[in-house]
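Just below is one structure, and these are the notes that go with it.
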2 protein chains.
Amino acid sequence: MSSDGPGAGPGKRPGIADVARASRVSIATVSRVLNGSGQVSDRRRATVLRAVAELGYRPNEAARVLVSGRSRIVGLLAADTRRTGHHATIRGVQEAAGERGLIVAVSVVRTEDPADVAAAVELLLGQPLAGVVGVEFDDSVTAALELLPASMPAASARRIGARVSPVPHAHIDDEVAARLVTEHLLDLGHDTVHHLSVGPPPEEGRGRTAGWRRALEARGRRVPEPLPVTWDPTSSLRAARDDLPDDATALLCFNDETALGALRGLAEAGRRVPEDVSVAGFDDDPVSRLLHPSLTSVRMDWHALGRLALEQLVARIEERPAPDDVALPAVLVPRESSAPPRA
Amino acid sequence: MSSDGPGAGPGKRPGIADVARASRVSIATVSRVLNGSGQVSDRRRATVLRAVAELGYRPNEAARVLVSGRSRIVGLLAADTRRTGHHATIRGVQEAAGERGLIVAVSVVRTEDPADVAAAVELLLGQPLAGVVGVEFDDSVTAALELLPASMPAASARRIGARVSPVPHAHIDDEVAARLVTEHLLDLGHDTVHHLSVGPPPEEGRGRTAGWRRALEARGRRVPEPLPVTWDPTSSLRAARDDLPDDATALLCFNDETALGALRGLAEAGRRVPEDVSVAGFDDDPVSRLLHPSLTSVRMDWHALGRLALEQLVARIEERPAPDDVALPAVLVPRESSAPPRA
DNA sequence: CTGAAAGCGCTTACAG
DNA sequence: CTGAAAGCGCTTACAG
């Protein structure tokens, strides 16, 4: 059909040999131009680049990976992809990866069931991977990370103080953030602040629960027993409605979704926000400013966390020393849901 | 270090040749066992499988793709990954893909800027792809899909009636869903229903806006001018607060996030929900039942939509005829935000 | 049912 | 700065 010579038929996508032929250089030279490796004269480089553009040549990635052993796929392990913290972290990983020409393949760890954990890992290991990033906010992801072969570069994004896998990581300091909101509530005049906490009991020694506790202790305030809740806001609805002591006037929630449940629970209990109880969330969800009352929260930079985790992975892949674990600032966002207690 | 013979050194991961050697068959036979292609005697099959397990052999996917031309990576193009509709659709694609041993590589089309659209597509095309699924709820994704080479199998998930790319697709019928909620509002006794609509003006002829309009027309009700809003709930806040006519008693929103903004806007305007105005959303977001008042909505099966879109893609890849485009049911979820108008 | 061999499209020493 | 050649680890006709 065509007279472009062998290998340049109309249906077949062009290979590196076609480019070499068109630009009258060797295959090796085309490869060097494309990879920026080795030295190539400007004249030849220009010729090759022109041929590449004319032919619409795109290197065959499979061949590239086979011979070089270097993939551009980053596996991502996450237990959730919707909630603000998880979601924004994943977006951060994706963005930073995209800027480096890496693509992210997401594998969701559905439950803590070892079979689900293994399945999520296997799905990833079926591909040639540059490395794996774990969004290590859940034990299931820690378990998944531990299933990776030692030879696989890995890194994770996590909250400060978590019990976790031994991979390099970036972390977000929700302890300082919790301190910030707790102090805000105390500054408003509340005697103490109650707390809805997600996680197993020992979780209380870490992260936002630790920050809340320390802020209270630093001012010599009474530290109420934290109310245990789950990620499901129904649990915070019940806790706020049924278990919050009558004398509580301020409530710090695990995150904004937890706070949303609490807001509803308090309403069902006939307690007004902020008149009877001040409520604060965590993460500054995009919709929190639209609630009625709008929700006081603290903005965490999950997005930057994701980017940093990806950078940690890249450093590990390139065998550079791990970059410094930057402190990500938290910003208090006071809104209508927090106010001074009634006199 | 080891005496396992050539090629089986300790650091190197085993290849198909190692498995062949260990099970005393040819490489071709190992390949047949692993791929379930060709006929292999049960005895040999068992031996091979044992060797695979013992060596912890995992085929090199890059080599596989290079020679077979068949990748197991599905590219996914989406303009958003957070909102309920987008998010649940993506999860559906991911799940269905995982069940088939395919992994999903997500590429986010950040804006409608042609450069962003092209970048999202290029990121994907850098990999060997089995095909591409587009979450075609936004024009930017349609544009991205159109940039794909004709030889690339593609499919999309979309809403009914949208102006879209010519790829095979699965669709969700938000028109019937809109009819359902609108009728619910009318059944409650409202004279008519106002509407907050996302999309360019012609959008009014399609999807949820069309369903709303037809439900009103079918009962001979006045059809108010739809209030144009964007995906950003701040716009619905303003519209509900500033532009909703005084005599409006019922408001159908584009989605639950839009409704959230509207709820706030109405509150700021001093109008109570549902006493003064009934409000309904769309999509039944996980948090909508926790709002106060809880939000009347209609549940769309985005998750199934995602699964179906993936099935469409697989059919296209396998050159089977496209599966039937199943109708995905919508379920009305009446809650506190809708009630009879005041007498 | 089985094996020997070609070949997928690149990168990378190696030699000049 | 450049090219000829080996080889990455598989799948797949082809021949038996």
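Predicted model, so just to flag it, every value in this text is computed and none were measured.
- Among the nucleotides D:dA4, D:dT12, C:dT11, the one closest to the side chain of B:S68 is D:dT12.
- If you measure from atom CG of B:L34 to atom C1' of D:dT11, you get 11 Å, rounded to the nearest angstrom.
- Atom C1' of nucleotide D:dC10 and atom OH of B:Y57 are separated by 7 Å, given to the nearest angstrom.
- Comparing D:dG3, C:dG9, D:dT11 by their closest approach to the side chain of A:A28 singles out D:dG3.
- Using a 4.0 Å cut-off, no side-chain N or O of B:N60 falls inside it from OP1 or OP2 of D:dC8.
- Here C:dC8 presents its C1' atom at 16 Å from CZ of A:R64, a figure rounded to the nearest Å.
- Between B:T29 and C:dG3 there is a side-chain N or O to OP1 or OP2 distance below 4.0 Å.
- Look at CD on B:E61: it is 10 Å from C1' on D:dC10, rounded to the nearest Å.
- Of the N and O atoms on the side chains of B:R91 and A:T81, at least one donor lies less than 3.5 Å from an acceptor on the other residue.
- The C1' atoms of C:dT12 and C:dG16 are separated by 16 Å, rounded to the nearest whole Å.
- The phosphate of D:dT2 has neither OP1 nor OP2 within less than 4.0 Å of any side-chain N or O from A:S26.
- Side chain of B:L66, nearest nucleotide from C:dG3, C:dC8, C:dT11: C:dC8.
- At the heavy-atom level, A:R43 lies nowhere under 4.0 Å from the strands shown.
- Each of B:Q312, B:H171, B:E136 was checked for a side chain to side chain donor-acceptor pair (under 3.5 Å) with B:S156, and the lone residue meeting it is B:E136.
- What separates CD1 of A:I27 from P of C:dC14 is a distance of 20 Å, to the nearest Å.
- When Watson-Crick and G-U wobble pairs are counted only if both distances are under 3.5 Å, D:dA13 pairs with no nucleotide at all.
- Interface remark: the A:R32 side chain does form a donor-acceptor pair with the D:dG3 base, using a distance-only criterion of under 3.5 Å.
- Taking only side-chain nitrogens and oxygens, A:R70 never comes nearer than 4.0 Å to OP1 or OP2 of D:dC8.
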Between A:R45 and A:V48, does the side chain to side chain contact (heavy atoms under 4.5 Å, CB included) criterion hold? Intermediate values first, please.
CA-CA 5 Å; A:R45 175 185 319 279; A:V48 168; 5.9 Å; no
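- Judged by Watson-Crick or G-U wobble contacts below 3.5 Å, the nucleotide C:dA4 has no partner.
- One atom, CG of A:D42, and another, P of D:dC1, lie 8 Å apart when rounded to the nearest Å.
- Checking D:dT2, D:dT11, D:dC8 against every side-chain atom of A:V67, the shortest atom distance belongs to D:dC8.
- Remark: P of C:dC8 and CD1 of A:I16 are 14 Å apart, rounded to the nearest angstrom.
- With rounding to the nearest 0.5 angstrom, the CG atom of B:L148 is 7.5 Å from the CG atom of B:L124.
- A salt bridge is absent between B:E311 and B:R320; no separation between the charged side-chain nitrogens and carboxylate oxygens falls under 4.0 Å.
- A:V25 comes within 4.0 angstrom of sugar-phosphate atoms only, judged by non-hydrogen atoms across all strands, and of no base.
- For the pair A:R21 CZ and C:dG9 P, the computed distance is 12 Å after rounding to whole Å.
- Of the N and O atoms on the side chains of B:R13 and B:N60, not one donor lies less than 3.5 Å from an acceptor on the other residue.
- As judged by a 4.0 angstrom heavy-atom cut-off over every strand, A:S31 is placed among the base-contacting residues.
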